[in-house]
Structure formats: structure tokens, C-alpha cells
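Quick caveat: nothing in here was measured; it's all calculated off a predicted structure.
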Amino acid sequence: FIISVSSAVSAAGYFWVGGDGNWSDISHWATTSGGGATHAQAPTANDDVYFDANSFSGPLQMVRLNTDVNFCRGMSWAGATGNPVFLGGRSVSLNVFGSLELINAMDYRFDGTVVFTGETDNNVDFRGNTAGYVLAFTGTGAWSLTGDVAVDSILLFNEGTLRTSGRAVTTKYLRSDGNATRTLELGASNITITANTAITTTITITITSCGDKRISIKMVHIYTHRW
């Protein structure tokens, strides 16, 4: 489930407060770090969200993605304490129009689809957490990995520029659909695919690499297919 939304207006800062709660509950979205004033709606594609030192008051407090479709521009967990939990089920999508920065000291229990979209140049760091069931890159922007990436099922690369920046990428399936132009810059990365890879016959894709790094297929074969 992939949604594209224009992000032309300026971003607002959304700061999580009050510990355990649901993403859609606006009482948790303050206008400043640790502040009392809250926003009038849940984050949109134009809004940066922050989980920081003022977000959680105890260990293992949970942020639940309680609606199926969720948005933000950028997301940062820098400074968050208490090993917080980020929870989303298989039917949930998180649409990110900017950068993403997780932390090692968190319990990332997201089993849905993360979609990176938009028109800007951004960084992506899951900090050792498995991204989700599906990880998608779409839109005309560019995304640079600043940490290794693992995907439970499908890595979907449909448009834009993906720079793996020497980071290891592991996925069960690699798909690239549609007829948009895209560029995959491997650098010194190894991409490990443990099942099938599907690339439509109509796309234009440029792959660049450095040295002897490669895409490694663990099982079956690469094939082309019209979806």
C-alpha cells in the first residue's frame, strides 16, 4: 500500500510526550520537546516527528501505530531513553517523506510497510532493526543508507536514486516495478537476496558499483516479469 502526497508546505515539529500511547492521539504530539501545548492533528507528510529524552518516563513504553496509514516527513529517535517500543502490524504503512533515524536501544516491532517517497535527498538508518515486511522506495528523491538494512520480505525500488553507501542489504525478494527511471548506487555494498528477484521489462535502471561488490542471489534466479 503506497501513497504519494505532495510535501510543498513547510514542516512542523512534532515531539512525542507522555510515554505509552497511540500515534493518532494528539495529546502525545507536543509543539516543543517536553512541552504542554499539542498539535491539533496527527503528523502529516509535511511534519518532522521526534522521540527524544522528554518522550518517555519509564522502560519499554510503547508507541502504537493504531491506524493503517500513517505519515511523517522525517523521523528521529535520537536521545530517546528507556528502550521504547515502536509497534505496527502487517496491515500498517508508514509513509516517510524525509529522513529516518532509529536508535540501537529501542524495540522496533514494526511488521508492516515502510514507504520512502518524495522529491528530496535523505538519509535512512534503521540501526540494526529489521525494517519491516516491505521496504519501498518511490518518488523522484534520493535515499542514502547510513546503516545496514534487512527486510523481512520485499525490498521494492520503483523510482529515484538509492545509494547503499557500502552498507549490507538483505532481503527475501527484490522487486522493481513500473517504467520510471531509477538509479541504484551500490558503492562497496553487498546485496543479499534469499529468494526471487523480479524486474519489470519496461524499466530503466542504472546500477553502479565499486570494486568486486555485488548482488548475491542465494536461491532460485533473477527473472523479468510484467506485473
Side-chain angles (χ1 to χ4, degrees), residues 1-3 11-36 38-39 41-45 47-117 122-136 143 145-155 167-172:
F1 186 21
I2 300 174
I3 293 180
Y14 275 60
F15 297 83
W16 186 266
V17 294
D20 194 274
N22 293 328
W23 178 277
S24 66
D25 184 350
I26 61 173
S27 69
H28 286 284
W29 291 116
T31 58
T32 59
S33 178
T38 59
H39 288 280
Q41 62 180 357
T44 71
D47 304 317
D48 293 317
V49 301
Y50 301 93
F51 303 88
D52 62 14
N54 294 313
S55 295
F56 305 102
S57 58
L60 298 176
Q61 291 183 334
M62 185 176 295
V63 178
R64 304 176 192 85
L65 289 171
N66 61 308
T67 58
D68 282 348
V69 184
N70 307 272
F71 299 94
C72 67
R73 192 175 75 161
M75 176 185 290
S76 173
W77 289 76
T81 60
N83 198 41
V85 179
F86 189 65
L87 180 66
R90 181 65 57 85
S91 66
V92 174
S93 69
L94 176 63
N95 298 273
V96 182
F97 288 73
S99 296
L100 176 113
E101 179 188 13
L102 302 185
I103 57 175
N104 297 107
M106 68 181 296
D107 190 354
Y108 182 80
R109 300 183 198 170
F110 184 79
D111 192 37
T113 298
V114 178
V115 181
F116 288 97
T117 189
N122 302 289
N123 294 324
V124 177
D125 192 354
F126 285 95
R127 289 292 179 92
N129 297 284
T130 299
Y133 190 71
V134 177
L135 175 62
W143 299 272
L145 303 184
T146 55
D148 295 346
V149 170
V151 185
D152 276 338
S153 185
I154 301 169
L155 175 59
R167 306 295 182 171
V169 178
T170 304
T171 184
K172 190 172 183 180

Next item on the list: Could you tell me whether the side chain of Ser55 and the main chain of Trp16 form a donor-acceptor pair under 3.5 Å?
Entry: yes
Next item on the list: Apply side-chain contact (heavy atoms from CB on, under 4.5 Å) to Ile154 and Lys172, showing your working.
Entry: CA-CA 6 Å; Ile154 301 169; Lys172 190 172 183 180; over 6 Å; no
Checklist line | Nearest-0.5 Å distance, CG of residue Asp47 to SG of residue Cys72 | finding: 9.0 Å
Next item on the list: Can you tell me which residue pairs pass the salt bridge (Lys or Arg N to Asp or Glu O under 4.0 Å) test with a partner in residues 122-131, sequence neighbours excluded?
Entry: Glu101-Arg127, Asp125-Arg127
Notebook entry, point to check: Do you know which two heavy atoms are closest between Asp68 and Ser91, and how far apart they sit?
Noted result: OD1-OG, 3.1 Å
Margin query: Donor-acceptor pair, distance only, cut-off 3.5 Å: does the side chain of Asn70 make one with the backbone of Ser93?
Written below: yes
Check: Where do Ser27 and Val17 come nearest, in terms of heavy atoms and distance?
Finding: O-CG2, 3.9 Å
Item checked: Approximate separation, where rounding is to 0.5 Å, of Leu65 CG and Arg109 CZ -> 13.0 Å
Notebook entry, point to check: Just by distance, do the side chain of Asp48 and the backbone of Gly74 share a donor-acceptor pair under 3.5 Å?
Noted result: yes
Note to self: In terms of relative ring orientation, are Phe86 and Phe51 parallel, tilted or perpendicular, with 30° and 60° separating the classes?
What the structure shows: perpendicular
Check: Distance only, no hydrogens: is a donor on one side chain within 3.5 Å (strictly under) of an acceptor on the other, for Asn123 and Thr146?
Finding: no
Check: Using 30° and 60° as the class limits, which term best fits the ring planes of Trp23 and Trp29: parallel, tilted or perpendicular?
Finding: perpendicular
Item checked: Side-chain donor or acceptor of Asp25 paired with backbone N/O of Asn22 under 3.5 Å -> no
Checklist line | Heavy-atom donor-acceptor pair, Thr171 side chain to Ala150 backbone, under 3.5 Å | finding: no
Notebook entry, point to check: Rounded to the nearest 0.5 Å, how far apart are CG of Leu100 and CZ of Phe116?
Noted result: 4.5 Å
Notebook entry, point to check: Of the non-hydrogen atoms in Asn54 and Ser33, which two are nearest, and what is the gap between them?
Noted result: ND2-OG, 2.8 Å
Note to self: Quick check for you: to the nearest 0.5 Å, what is the distance between Phe110 atom CZ and Leu94 atom CG?
What the structure shows: 5.5 Å
Check: Rounded to the nearest 0.5 Å, how far apart are NE2 of His28 and OG1 of Thr38?
Finding: 10.5 Å
Next item on the list: May I ask you to check whether Tyr50 and Trp77 place their ring centres under 6.0 Å from each other?
Entry: no
Item checked: Distance, nearest 0.5 Å, that separates CZ of Phe56 from OG1 of Thr81 -> 8.0 Å
Checklist line | Other residues, nucleotides, ligands: >12 heavy atoms within 6.0 Å of Tyr108 OH | finding: yes
Notebook entry, point to check: Which of parallel (below 30°), tilted (30 to 60°) and perpendicular (above 60°) describes His39 and Tyr14?
Noted result: parallel
Margin query: For a quick test of reading the model, state the closest non-hydrogen atom pair linking Pro84 to Ala105 and the distance between them.
Written below: CD-O, 3.6 Å
Note to self: What I'd like to find out is whether the side chain of Asp52 reaches to under 4.5 Å of the side chain of Phe15, using heavy atoms alone.
What the structure shows: yes
Checklist line | Test side-chain hydrogen bond (donor to acceptor under 3.5 Å, both in side chains) applied to Thr32 - qualifying residues, sequence neighbours left out | finding: none
Check: Which atoms form the tightest heavy-atom contact between Asn83 and Asp107, and what is the distance?
Finding: OD1-N, 3.9 Å
Note to self: I need the minimum non-hydrogen distance between Val69 and Asn95, along with the two atoms involved.
What the structure shows: CG1-ND2, 3.8 Å
Next item on the list: Return yes if some donor-acceptor pair links the side-chain N/O of Asn66 with the main-chain N/O of Ser24 below 3.5 Å, else return no.
Entry: yes
Note to self: Keeping Asp111 on the side-chain end and Gly132 on the backbone end, is there a donor-acceptor pair under 3.5 Å?
What the structure shows: no
Next item on the list: Test the Arg73-Phe97 pair against the cation-pi criterion, namely NZ or CZ under 6.0 angstrom from the six-membered ring centroid and within 45° of the ring axis.
Entry: no
Notebook entry, point to check: In this structure, which one of Leu145, Val151, Leu135 forms a side chain to side chain contact (heavy atoms under 4.5 Å, CB included) with Val169?
Noted result: Leu145
